[in-house]
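Data block below; observations after.
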Amino acid sequence: MEKASLSPAVLYEKLEQTTRLLGAKVGSRSIGSGQGRYLQLLLSGDGISQTELVPLLGVSPSTASELTDKLLAAGHITRAKDPADKRRVLIYITDSGKEIAGSFKNESAAALQEAFAVLSAEEQDTMHSLLCALCDGDKPAAIPCPCAESMIRPGKRL
């Protein structure tokens with residue numbers, strides 16, 4: 001007897017549920033995943049404007065502004081005028097921000113390692129291939145998958 005295929009709506013709902021579950025596991029005791037991703041971005045490209053951060057974070061401008069305000073208040077980032085263009089304000093990570101970003105990355109990596117431990121290495125490879133097929137369905141097969149582990153980014157919108 002042939003197994004009935006699941007509808008795309010059912011698959012989408014399961015993917016959303018999985019994303020929420022994994023997103024809840026990512027983070028640290030001191031900051032949320034949004035603030036952690038923000039600080040990790042600054043580690044890889046310090047001295048960036050808030051406008052440039054919005055698409056990298058995959059959030060709205062108002063959410064980026066809220067994250068900026070929280071991180072400024074906590075002393076994890078600073079703002080300064082761009083020396084080349086006094087109209088632009090650049091955001092820089094502080095030493096405490098670097099420390100928090102490192103803790104966030106380590107705690108998040110450990111939580112995700114634990115979450116994915118229910119899958120064998122072969123199942124993880126299969127999952128990766130399937131997700132790449134969904135994300136890169138319109139690209140020729142000769143183009144390699146652009147996946148990178150430099151940053152944990154739950155909730156990133158395509």
hydrophobic_cluster_shared for Y12 and L131, side chain cutoff 4.5 Å: no
Partner residues of S62 under the side chain to side chain donor-acceptor pair (under 3.5 Å) criterion, sequence neighbours left out: S60
Hphob cluster co-occupancy, L57 + L72, side-chain heavy atoms under 4.5 angstrom: yes
Nearest-0.5 Å distance, OH of residue Y38 to CD1 of residue I48: 9.0 Å
Approximate separation, where rounding is to 0.5 Å, of M127 CE and S120 OG: 12.0 Å
Rounded distance (nearest 0.5 Å) linking atom CD1 of I77 with atom CD1 of I100: 13.0 Å
Partner residues of K81 under the side chain to side chain donor-acceptor pair (under 3.5 Å) criterion, sequence neighbours left out: none
With V118 via side chain to side chain contact (heavy atoms under 4.5 Å, CB included) - residues at least two apart: none
S108 side chain to F104 backbone, donor-acceptor under 3.5 Å: yes
Non-neighbouring partners of E114 that pass side chain to side chain donor-acceptor pair (under 3.5 Å), sequence neighbours left out: none
Residue pair L41 / S44: nearest heavy atoms and the distance that separates them: O-OG, 2.9 Å
Name every donor-acceptor pair, under 3.5 Å, that has one atom in a side chain of residues 88-96 and the other anywhere in the protein, sequence neighbours excluded.
unit_1, atom_1, unit_2, atom_2, d
R88, NH1, D82, OD2, 3.3
R88, NH2, E52, OE1, 3.1
R88, NH2, E52, OE2, 3.4
T94, OG1, G75, O, 2.7
T94, OG1, H76, O, 3.1
T94, OG1, S96, OG, 3.1
T94, OG1, G97, N, 3.2
S96, OG, G75, O, 3.0
S96, OG, H76, ND1, 3.0

Set of residues satisfying side chain to side chain donor-acceptor pair (under 3.5 Å) with respect to Q113, sequence neighbours excluded: none
Stepwise side-chain contact (heavy atoms from CB on, under 4.5 Å) test for S65 and D69: CA-CA 6 Å; S65 180; D69 291 344; 4.1 Å; yes
Distance-minimising heavy-atom pair for V54 and P61: CG2-CA, 3.9 Å
From L134 atom CG to L15 atom CG, the distance as rounded to the nearest 0.5 Å: 7.5 Å
Passing option when R37 is tested against I31, L67, V59, L42 for side-chain contact (heavy atoms from CB on, under 4.5 Å): V59
Salt-bridge contact K105-E99 (side-chain N to carboxylate O under 4.0 Å): no
Main-chain N/O of A64 paired to T68 side chain as donor or acceptor, under 3.5 Å: yes
More than 12 heavy atoms of other groups within 6.0 Å of E16 CD: yes
L130 side, atom CG; E123 side, atom CD - distance, nearest 0.5 Å: 11.5 Å
Spatial distance of atom CD (E66) from atom OG1 (T63) [nearest 0.5 Å]: 6.5 Å
Polar side-chain atom of Q124 near backbone of F116 as donor-acceptor pair, under 3.5 Å: yes
